[in-house]
Amino acid sequence: MTLSISTWNINSVRLRLPIVEDFLKRANPDILCLQEIKCQNDQFPADAIAALGYGNIVIHGQKGYHGVAICSKLALTEDHRQDYCGVGDSRHISAIFEWAGRRIRIHNFYVPAGGDEPNRDINPKFGHKLDFVEEMKRLSAEAEPNTASILVGDLNIAPLEHDVWSHKQMLKIVSHTPVETEGLLDVMRQGKWVDLMRQQVPASEKLYTWWSYRAKDWAAADRGRRLDHIWSSADLAPMLKGIDVLKEARGWTQPSDHVPVTARFEAA
DNA sequence: ATGGTCGTGCGACGA
């Protein structure tokens, strides 16, 4: 009994539908969580994705910006959209599915990037990001009785030293400042979440999921960051069998700046 | 090296 879940910041699902289809045919996850779909609910290419076996789709879209969706082969119920910071952004959606006799809630997040200046007094976008992370601290992996939890998404923070190409050079760069990295580690600790990517890949190894569009040669420079994450409640962590970071997707035609990350589980 | 590149949707903004 296996389960695979992928997360991918797609940076416009309409523009990049061809590579979404390629990825689904090739990786064939049970569930794909997308961020930055950049469209309204009725513009989401649900028919094309359903045609590949993903007939269960829940969407929290928005015109032009942000937007998240869950595409699943398994039935989705009790979907919920939380308006973090109460600003009307579409940055979260969750739903329940059943697997191996378990009830599991999956959360899909797109945390604000936070702008360039890591100072909330002069950059409101950084303040918004910190407030968003603060609100996430109240989300427990054990929030619902008899329900396990999985949390995925573009969290726009690289929390560990080897989640960035140069810890020292990144300490004042938004996504790796101490207030952000400590905040995200607090979200994990307070919510009793397990970082499944780092359960699989030792913290001493470099691990990236995003490479900037601005680099002349992203692969040669390899100045990446681990901005995308897959977490779970403690009960699911022993069932994790593998993590796949599809780095080659960064080199595909008209790529997203993020690559898909997949967690593979197996129940006894 | 304080630039650089994207997407949306038509000017500027967010990333």
Side-chain angles (χ1 to χ4, degrees), chain A residues 7-21 23 33-45 48 59-69 83-92 108-120 122-133 136 152-159 163-166 168-177 179-181 183-184 208-229 247 249-261:
Chain A
T7 180
W8 196 6
N9 178 319
I10 196 62
N11 187 16
S12 174
V13 70
R14 289 177 293 172
L15 185 71
R16 276 183 250 288
L17 178 60
I19 61 172
V20 171
E21 292 173 318
F23 172 71
C33 293
L34 295 170
Q35 303 88 34
E36 277 207 273
I37 60 174
K38 291 189 173 177
C39 66
Q40 299 174 88
N41 289 359
D42 61 3
Q43 298 173 313
F44 188 87
I59 311 164
H60 191 186
Q62 179 176 340
K63 183 181 169 72
Y65 300 109
H66 322 313
V68 289
D83 181 3
Y84 281 77
C85 301
V87 294
D89 284 355
S90 298
R91 295 182 179 274
H92 168 266
N108 180 14
F109 276 95
Y110 176 49
V111 172
D116 289 331
E117 188 59 53
N119 176 349
R120 70 179 308 152
I122 57 177
N123 174 17
K125 285 185 271 192
F126 192 70
H128 179 213
K129 184 179 195 175
L130 297 183
D131 292 344
F132 195 105
V133 169
M136 284 180 77
V152 308
D154 175 6
L155 305 185
N156 265 317
I157 297 173
D163 293 340
V164 293
W165 63 278
S166 168
K168 192 176 172 186
Q169 287 178 256
M170 289 286 298
L171 279 169
K172 292 180 179 175
I173 303 296
V174 172
S175 72
H176 196 63
T177 66
V179 64
E180 294 170 87
T181 59
L184 196 68
Y208 313 139
T209 65
W210 173 92
W211 291 262
S212 172
Y213 281 128
R214 296 176 186 177
K216 262 184 253 168
D217 183 338
W218 70 274
D222 199 23
R223 294 184 168 187
R225 306 179 198 172
R226 185 170 73 109
L227 302 180
D228 303 275
H229 298 269
K247 182 174 180 179
R250 183 63 180 78
W252 288 354
T253 304
Q254 206 167 31
S256 169
D257 45 357
H258 297 252
V259 299
V261 182

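Protein chains get the first letters and strands the later ones, always in sequence-line order, with residue 1 at the start of each.
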Restricting to side-chain hydrogen bond (donor to acceptor under 3.5 Å, both in side chains), what partner residues turn up for [X], sequence neighbours left out?
{"X": "A:S256", "answer": "none"}
{"X": "A:S212", "answer": "none"}
{"X": "A:R16", "answer": "A:Y213"}
{"X": "A:E117", "answer": "none"}

Nearest whole Å is fine: how far is [N] [atom2] from [X] [atom1]?
{"X": "A:L155", "N": "B:dA15", "atom1": "CG", "atom2": "C1'", "result": "15 Å"}
{"X": "A:D228", "N": "B:dA15", "atom1": "CG", "atom2": "C1'", "result": "13 Å"}
{"X": "A:Q35", "N": "B:dA15", "atom1": "CD", "atom2": "P", "result": "14 Å"}
{"X": "A:D257", "N": "B:dG14", "atom1": "CG", "atom2": "P", "result": "17 Å"}
{"X": "A:N123", "N": "B:dC13", "atom1": "CG", "atom2": "C1'", "result": "13 Å"}

Going by ring-ring contact (aromatic ring centres under 6.0 Å, His included), name the residues that satisfy it together with A:H128, two or more places apart in sequence or in a different chain.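 If we apply the ring-ring contact (aromatic ring centres under 6.0 Å, His included) test to A:H128, skipping adjacent residues, there are no hits.
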
Using the test ring-ring contact (aromatic ring centres under 6.0 Å, His included), find all partners of A:H92 that sit at least two apart in sequence or belong to another chain.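 Residues passing ring-ring contact (aromatic ring centres under 6.0 Å, His included) with A:H92: A:Y84, A:H107, A:F109.
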
Note every stem involving DNA chain B: at least three consecutive Watson-Crick or G-U wobble pairs, i with j then i+1 with j-1, with both distances under 3.5 Å.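 Only these stems qualify: B:5-8 with B:12-15.
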
Per-nucleotide protein contact string for nucleotides 1-9 of chain B, where B marks a base within reach and S marks sugar-phosphate only (heavy atoms under 4.0 Å, - for neither): ---BBSSSS

Atom CG in A:D257, atom CZ in A:R250: separation rounded to 0.5 Å?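 If I round to the nearest 0.5 Å, the distance is 6.0 Å.
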
Quiz question: by atom type and distance under 3.5 Å, do the side chains of A:E180 and A:S175 form a donor-acceptor pair?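 There is no such pair between these side chains.
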
For residues 35-45 of chain A, which residue pairs pass the salt bridge (charged side-chain N to carboxylate O under 4.0 Å, His left out) check, not counting sequence neighbours?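 Non-adjacent pairs meeting salt bridge (charged side-chain N to carboxylate O under 4.0 Å, His left out): A:E36-A:K38.
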
Between [N] and [M], how far is it from one [atom1] atom to the other, in whole Å?
{"N": "B:dT2", "M": "B:dT8", "atom1": "P", "answer": "30 Å"}
{"N": "B:dG7", "M": "B:dG3", "atom1": "P", "answer": "23 Å"}
{"N": "B:dC13", "M": "B:dG9", "atom1": "C1'", "answer": "11 Å"}
{"N": "B:dA1", "M": "B:dA12", "atom1": "P", "answer": "33 Å"}

Contact class for A:R250 (heavy atom, under 4.0 Å): base, sugar-phosphate, or nothing?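 The residue A:R250 makes no contact with any strand.
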
